[in-house]
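To keep things clear, I will list the structure first and then write my remarks on it.
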Amino acid sequence: QLQLVESGGGLVQPGGSLRLSCAASGFTLDYYAIGWFRQAPGKEREGVSCISSSGGITNYADSVKGRFTISRDNAKNTAYLQMNSLKPEDTAVYYCAAVTLVQAMCIMYPRYEYDYWGQGTQVTVSS
């Protein structure tokens with residue numbers, strides 16, 4: 001089936017690190033921009049980061065800039081989100097999404113009609 005599957009979430013202490021993976025199944029990510037989003041309880045889903053299909057363009061929310069790094073390995077059909085210096089406010093369910101775009105760009109607007117969404121993976125940052 002055509003799907004995205006996130007993995008790598010878990011419980012970490014403040015200041016710790018996690019690497020999330022987003023693996024595509026049933027289709028290739030070569031022509032898809034990837035976005036990472038998160039949603040905390042009682043809050044709206046927000047964009048975290050995105051990367052263009054080639055990996056040449058990346059964007060980050062101000063809240064994670066300098067701490068998170070998005071990357072992709074098209075040969076492995078997988079995208080990643082390296083999260084360092086984690087804070088309690090990073091606690092949320094993290095989702096990846098994929099969309100075909102005409103231009104070399106990416107967008108981390110959660111209302112955008114992405115073609116595919118993953119099921120989400122829980123990230124909890126707590127002492």
Side-chain angles (χ1 to χ4, degrees):
Q1 294 182 345
L2 306 180
Q3 62 180 3
L4 296 174
V5 179
E6 302 98 333
S7 62
L11 174 65
V12 297
Q13 295 182 336
S17 298
L18 284 174
R19 188 180 72 163
L20 305 183
S21 297
C22 174
S25 178
F27 69 102
T28 178
L29 287 178
D30 288 4
Y31 306 105
Y32 290 80
I34 302 296
W36 281 99
F37 303 85
R38 66 186 182 186
Q39 187 167 22
K43 295 185 177 180
E44 296 290 326
R45 184 172 296 183
E46 62 176 336
V48 176
S49 183
C50 68
I51 186 168
S52 62
S53 59
S54 68
I57 298 173
T58 59
N59 288 295
Y60 298 90
D62 289 341
S63 59
V64 307
K65 192 172 298 182
R67 299 187 298 119
F68 291 10
T69 302
I70 191 170
S71 63
R72 65 190 299 157
D73 188 340
N74 286 349
K76 296 181 179 179
N77 218 26
T78 303
Y80 306 94
L81 184 67
Q82 178 67 45
M83 305 185 296
N84 298 326
S85 302
L86 284 163
K87 305 175 181 179
E89 50 262 46
D90 294 319
T91 296
V93 177
Y94 283 71
Y95 302 87
C96 67
V99 64
T100 55
L101 297 173
V102 175
Q103 297 179 318
M105 61 176 288
C106 71
I107 185 167
M108 53 183 181
Y109 180 53
R111 294 180 61 188
Y112 193 86
E113 292 189 5
Y114 291 87
D115 296 320
Y116 301 100
W117 284 90
Q119 84 290 346
T121 184
Q122 177 70 48
V123 172
T124 302
V125 185
S126 176
S127 299

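Note that this is a predicted model, so its numbers are computed, not measured.
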Handout entry: Over all atoms of both residues, closest heavy-atom pair of Gly8 and Thr121
Key =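 In this case the closest contact between Gly8 and Thr121 is N-OG1, 4.3 Å.
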Exercise for the section: Considering non-hydrogen atoms only, spot the tightest contact between Gly47 and Pro110 and give its length. Expected result: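 Scanning both residues, the minimum pair turns out to be N-CD, 4.2 Å.
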Exercise for the section: Taking atom types as modelled, find out whether Ser17 and Asn84 have a side-chain donor-acceptor pair closer than 3.5 angstrom. Expected result: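 Yes.
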Are the side chains of [X] and [Y] in touch, meaning some heavy atoms are under 4.5 Å apart?
X	Y	result
Gln3	Ser25	yes
Ser126	Pro88	no
Leu29	Ile34	yes
Leu81	Val48	yes

Is there a donor-acceptor contact under 3.5 Å from the side chain of [X] to the main chain of [Y]?
X	Y	answer
Glu6	Gln119	yes
Arg67	Gln82	no
Thr78	Lys76	yes
Thr91	Thr124	no

Could you measure the distance from the [atom1] atom of [X] to the [atom2] atom of [Y]? Nearest 0.5 Å is fine.
X	Y	atom1	atom2	answer
Ile70	Leu20	CD1	CG	10.5 Å
Leu18	Met83	CG	CE	4.5 Å
Ser52	Gln103	OG	CD	11.5 Å
Ile57	Cys50	CD1	SG	9.0 Å
Arg72	Ser54	CZ	OG	8.0 Å

Practice task
With sequence neighbours excluded, give me every ring pair (Phe, Tyr, Trp, His ring centres under 6.0 Å) pair touching residues 42-66.
Solution key: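 Output for this query is empty, none listed.
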Practice task
Kindly confirm or rule out a cation-pi arrangement of Arg45 over Trp117, judged by NZ or CZ under 6.0 Å from the six-membered ring centre and within 45° of its axis?
Solution key: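 Flagged: Arg45 positioned over aromatic ring of Trp117.
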Problem - Qualifying residues under side chain to side chain donor-acceptor pair (under 3.5 Å), relative to Asn77, sequence neighbours excluded - result: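 Residues passing side chain to side chain donor-acceptor pair (under 3.5 Å) with Asn77: none at all.
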Problem - All side chain to side chain donor-acceptor pair (under 3.5 Å) counterparts of Thr28, not counting sequence neighbours - result: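 So Thr28 forms a side chain to side chain donor-acceptor pair (under 3.5 Å) with Asp30.
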Cluster check [X], [Y]: I/L/V/M/F/W/Y, side chain < 4.5 angstrom:
X	Y	value
Val12	Phe68	yes
Leu11	Leu86	no
Ile51	Met108	no

Exercise for the section: Mind checking ring pair (Phe, Tyr, Trp, His ring centres under 6.0 Å) for Tyr80 and listing every partner two or more places apart, or none if nothing turns up? Expected result: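 For Tyr80, no residue satisfies ring pair (Phe, Tyr, Trp, His ring centres under 6.0 Å) once neighbours in sequence are set aside.
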Handout entry: Phe27: partners by ring pair (Phe, Tyr, Trp, His ring centres under 6.0 Å), with sequence neighbours left out
Key =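 In terms of ring pair (Phe, Tyr, Trp, His ring centres under 6.0 Å), with neighbours along the sequence ignored, Phe27 is linked to Tyr32, Tyr116.
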Handout entry: Glu113, CD atom: more than 12 neighbouring heavy atoms under 6.0 Å
Key =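 No, because the 6.0 Å sphere around CD of Glu113 holds 12 heavy atoms or fewer from other groups.
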Practice task
Dump the intermediate steps for side-chain contact (heavy atoms from CB on, under 4.5 Å) on Val125 and Lys87, then the final yes or no.
Solution key: CA-CA 6 Å; Val125 185; Lys87 305 175 181 179; 5.5 Å; no
Exercise for the section: Decide if the gap between the ring center of Tyr114 and the ring center of Phe37 is smaller than 6.0 angstrom. Expected result: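 Yes.
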Let me check something: any side-chain donor-acceptor pairs from residues 92-101 under 3.5 Å, sequence neighbours excluded? List them with distances.
residue : atom : partner : partner atom : Å
Tyr94   : OH   : Arg38   : NH1          : 2.9
Tyr94   : OH   : Asp90   : O            : 2.6
Thr100  : OG1  : Asp115  : OD2          : 3.4

